[in-house]
**Student:** 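Below are the structure tokens for one structure; questions will follow.
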Amino acid sequence: MKFPTPQTLESIAVIIGSDYVGEPSFPVFGMNEIHVVQPGDIVFVDHPKYYDKALQSQATVILINKKVDCPIGKALLISEDPFRDFNKLTRHFKPFQSANTAISETAEIGKGTLIQPNVFVGNNVKIGSNCLIYSNVCIYDNTVIGNNVTIHAGTVLGSDAFYYKNRPEKFDKLLSGGNVVIEDNVELGSLCSIDKGVTASTTIGEGSKLDNQVHVGHDTIIGKRCLIASQVGIAGCVLIGDFVTLWGQVGITSGITIGDRAVISGQSGVSKSLPGNQAYFGSPAEEFRKKYKELASIRLIPEIIEKLDKLS
Amino acid sequence: MKFPTPQTLESIAVIIGSDYVGEPSFPVFGMNEIHVVQPGDIVFVDHPKYYDKALQSQATVILINKKVDCPIGKALLISEDPFRDFNKLTRHFKPFQSANTAISETAEIGKGTLIQPNVFVGNNVKIGSNCLIYSNVCIYDNTVIGNNVTIHAGTVLGSDAFYYKNRPEKFDKLLSGGNVVIEDNVELGSLCSIDKGVTASTTIGEGSKLDNQVHVGHDTIIGKRCLIASQVGIAGCVLIGDFVTLWGQVGITSGITIGDRAVISGQSGVSKSLPGNQAYFGSPAEEFRKKYKELASIRLIPEIIEKLDKLS
Amino acid sequence: MKFPTPQTLESIAVIIGSDYVGEPSFPVFGMNEIHVVQPGDIVFVDHPKYYDKALQSQATVILINKKVDCPIGKALLISEDPFRDFNKLTRHFKPFQSANTAISETAEIGKGTLIQPNVFVGNNVKIGSNCLIYSNVCIYDNTVIGNNVTIHAGTVLGSDAFYYKNRPEKFDKLLSGGNVVIEDNVELGSLCSIDKGVTASTTIGEGSKLDNQVHVGHDTIIGKRCLIASQVGIAGCVLIGDFVTLWGQVGITSGITIGDRAVISGQSGVSKSLPGNQAYFGSPAEEFRKKYKELASIRLIPEIIEKLDKLS
């Protein structure tokens, strides 16, 4: 998430009411999560376990709850509660704005795009040309949709990230200041849910096709020309390569990577990153032939017991 | 489900056209299912296997298909078809009323609550203050929503219980006279389905957070501050404690209990009640370390076979 | 899919610009997929592996990419790209027509049928009498719904088949010219997705009941009085018999057959056809007792290892 205009270390410190380490004029361009940060970004960290990762990331401004040594060429924002102050910045730069009409006046809709009845299009949404948006689709604020995109009925683009900090008194929600990006020639089935990014863009790559009732979590990036069958659930911050095939009801845990051209069989549960150019199945998912042998070996147990009884 | 005004044994018998055992003026306040009945309630039973359970429950009026001995302090309604007559009472006291406008005039909506376009709000719905109801949410009649509740797009509250009696000629539906209750500070993701109770309230407890595409069956009660990830399916009449975590695509069968602070891994299938304060996984779900050892043991089978071959 | 008026071999060849083998006046009544073709239908085939199956099917006109011997009583349409030309015919005879109003003027709605706010009803939809269509349901063009049907909120009938040809440059979509047929006395839960057929009718048989969030793929036929619990996913071209029970989160792969009165436990994954009158579970699903023994045998592995160690 980039700020509408460039900020300085000092201007940010004023917004969140914090101390800082660095030049007051140190430039700050936006904020992001650790897996997508770039120079000019703020990243937040509130657990000593992750201090090093944050300090050594591409981010040049670290919002942190301890006055540590500042790496050269970077700056620190010292906060007693970085999570709260990260939310404060999201609220400041991306305030929630109600859309009172079904199609917001600030939405841009391309030539030849057809929008059926009962569709909701939020503020600052951009939809390309020659798209077909079926009835009752809900498109949250700031979503960007390319050309030749088809979205079937009831699908939701841009609901909030499912991301909470477990405080003693309540679940504290990390606000979502990111958006959803649907590239050209994508087709989405009916009743899919694509959450917006916390700071970045949840992205469905060019030419990918999703069947019905697929869930895609916040900040997940799906590559080009993927085929994703119905009822697949993909958690947040997942990176899926190009030409990947996921069959029905596959589940993918957060923060992992699936390589290009991987094929994952129906109902598989993926709990760790998987290299591309291979087939997988099972829950937990493993390489196809390995898992197949494992299943076959189970069927040998009665025979094993019989042999063992003869030996005893 | 309480009746709008207190009834008597005789007035109920007139409505369903049945005989009864007890004082005509015996008080009747409502009707309920066996797992939540209270004194003053009618419960129905039509199979000898469950007669004792119904007669000894907290219910004081038993709608039954046999003239059995009436327990002291209770009353009987004798019916040739208790299921049909229970439906007759639901139809009498909670008739379906069509809502012709998208936001019913009988709905009460609190201060500071924002309702986006294309939302449906049925009759007698109560929504508290400072709620945010995104577009295309459908809220059936009699739903009660607390304060500071967020509901993402396309979610449905109050669809009917999936509860049928398999008659020779058709599936006969048990009517749903209950409702849905969403307590304060709950957040529901997009495209969730929460069914109403048959007679009681399907309840999502204070501060609980549900991700997208979660299904919650009739009369299920979810405790406080639970975290339920996307595509979880919870059947009817389930009791889930407080601080429970269910990861993505977990399935939970009907009528069971999950203890406080249980944590259930993604894609697990829960087929029996589970004590709290433990982690579970697998389908069927079992205690985490036990299941983990089981999976590890499968990988030893090739080695076992090798050893056996050497011994033979 | 039947054409609005009977065609001839020559008139079809003109539309797609192809050569043909047979009498110019050879009658052509419609087009269909291989598993449901009838005499008078066109079937397409573009892979030598399937030539024989297509040529020997009930179809009397074969749209094919090689000039093979024409079976007696049949005709051929010779095309360099049968997939493309099949789409050309669908586009010609079933062009997509936008519906600008929420309830199309060409829809027929029976007596006593209640349609709640925010429902979308497309062109040429037929809905019988005494139906109850809850809010935000989306009914695509040409859907046919019987009498006494209940459809809960947010359900989508008639989204496109998930069917693509993987061309070097893109996924090429097979157009859907079929529809959805919901027979009498069916009840559909909330947020279900029923895709239309490619050429035939995706059908839910008389008296069947579906819970929430069920997905049914294109051209699948579900028999009479089936019970399908929530979050079940059924792929395309599946044939499900009568009185079948599928419990929650079951997944069924494309093109298979499930026999009458089969019962499949929750979370099972069905990857091959299953005979009726039996219970199944597991992923992959197998006969209940067999699978149960398999699971039990896994628990014996530690004991096996112990015995083996004593013997060594």
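Predicted, not measured: the structure shown is a model, and the values here were computed from it.
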**Student:** First locate atom OH of Tyr134(A), then atom OG of Ser159(C), and finally report the distance between them rounded to the nearest 0.5 Å.
**Tutor:** 9.0 Å

**Student:** Using the rule side-chain hydrogen bond (donor to acceptor under 3.5 Å, both in side chains), only one of Ser268(C), Ser283(C), Ser271(C) pairs with Gln267(A); which is it?
**Tutor:** Ser283(C)

**Student:** State the CZ-NZ distance between Arg299(A) and Lys290(C), to the nearest 0.5 angstrom.
**Tutor:** 5.5 Å

**Student:** Under 4.5 Å from any heavy atom of chain C, what part of Ile298(A) do you find: side chain, backbone, both or neither?
**Tutor:** both

**Student:** Quick one: does Asn118(A)'s side chain have a donor or acceptor within less than 3.5 Å of a partner on Asn118(C)'s backbone?
**Tutor:** yes

**Student:** Non-hydrogen atoms of chain C under 4.5 Å away: do they reach the side chain of Ile228(A), the backbone, both or neither?
**Tutor:** backbone

**Student:** Which atoms form the tightest heavy-atom contact between Asn136(A) and Asn136(C), and what is the distance?
**Tutor:** ND2-ND2, 3.3 Å

**Student:** Quick check for you: to the nearest 0.5 Å, what is the distance between Phe96(C) atom CZ and Leu114(A) atom CG?
**Tutor:** 5.5 Å

**Student:** What distance separates Ser190(A) OG from Phe162(C) CZ, expressed to the nearest 0.5 Å?
**Tutor:** 11.5 Å

**Student:** Looking only at heavy atoms and a cut-off of under 4.5 Å, which of Asp195(C), Thr253(C), Ile301(C), Val119(C) has the most pairs with chain A?
**Tutor:** Asp195(C)

**Student:** Output the option from Leu308(A), Thr150(A), Leu295(A) having the highest count of non-hydrogen pairs under 4.5 Å with chain C.
**Tutor:** Leu308(A)

**Student:** Please report the shortest heavy-atom distance between Phe171(C) and Cys226(A), naming the atom on each side.
**Tutor:** CE1-O, 3.9 Å

**Student:** Using non-hydrogen atoms only, which part of Val250(C) is less than 4.5 Å away from chain A: side chain, backbone, both, or neither?
**Tutor:** backbone

**Student:** Select one option (side chain, backbone, both, neither) describing which atoms of Cys192(A) are under 4.5 Å from chain C's heavy atoms.
**Tutor:** neither

**Student:** Between CD of Glu187(A) and NZ of Lys173(C), what distance do you get to the nearest 0.5 Å?
**Tutor:** 3.0 Å

**Student:** Among Leu311(A), Leu210(A), Ile115(A), which has the most heavy-atom pairs under 4.5 Å with chain C?
**Tutor:** Leu210(A)

**Student:** What part of Lys293(C) lies closer than 4.5 angstrom to a heavy atom of chain A: side chain, backbone, both or neither?
**Tutor:** neither

**Student:** Quick check on Val214(C) against chain A: is it the side chain, the backbone, both or neither that has a heavy atom closer than 4.5 Å?
**Tutor:** backbone

**Student:** Has Gln213(A) got a side-chain atom pairing as donor or acceptor with Leu191(C)'s backbone, closer than 3.5 angstrom?
**Tutor:** yes

**Student:** Nearest 0.5 Å, what's the OG-CG distance between Ser193(C) and Asp211(A)?
**Tutor:** 8.0 Å

**Student:** Tell me the closest heavy-atom pair linking Ala99(C) and Pro117(A), and the distance in Å.
**Tutor:** O-CD, 3.4 Å

**Student:** Heavy-atom pairs under 4.5 Å with chain C - which of Ser230(A), Gly282(A), Ser208(A) has more of them than the others?
**Tutor:** Ser230(A)

**Student:** What closest approach, in Å, do His152(A) and Tyr140(C) show between heavy atoms, and which atom pair accounts for it?
**Tutor:** ND1-OH, 2.7 Å

**Student:** Would you mind checking if Glu169(C) and Arg225(A) are paired as a salt bridge, meaning a charged N to carboxylate O distance below 4.0 Å?
**Tutor:** no

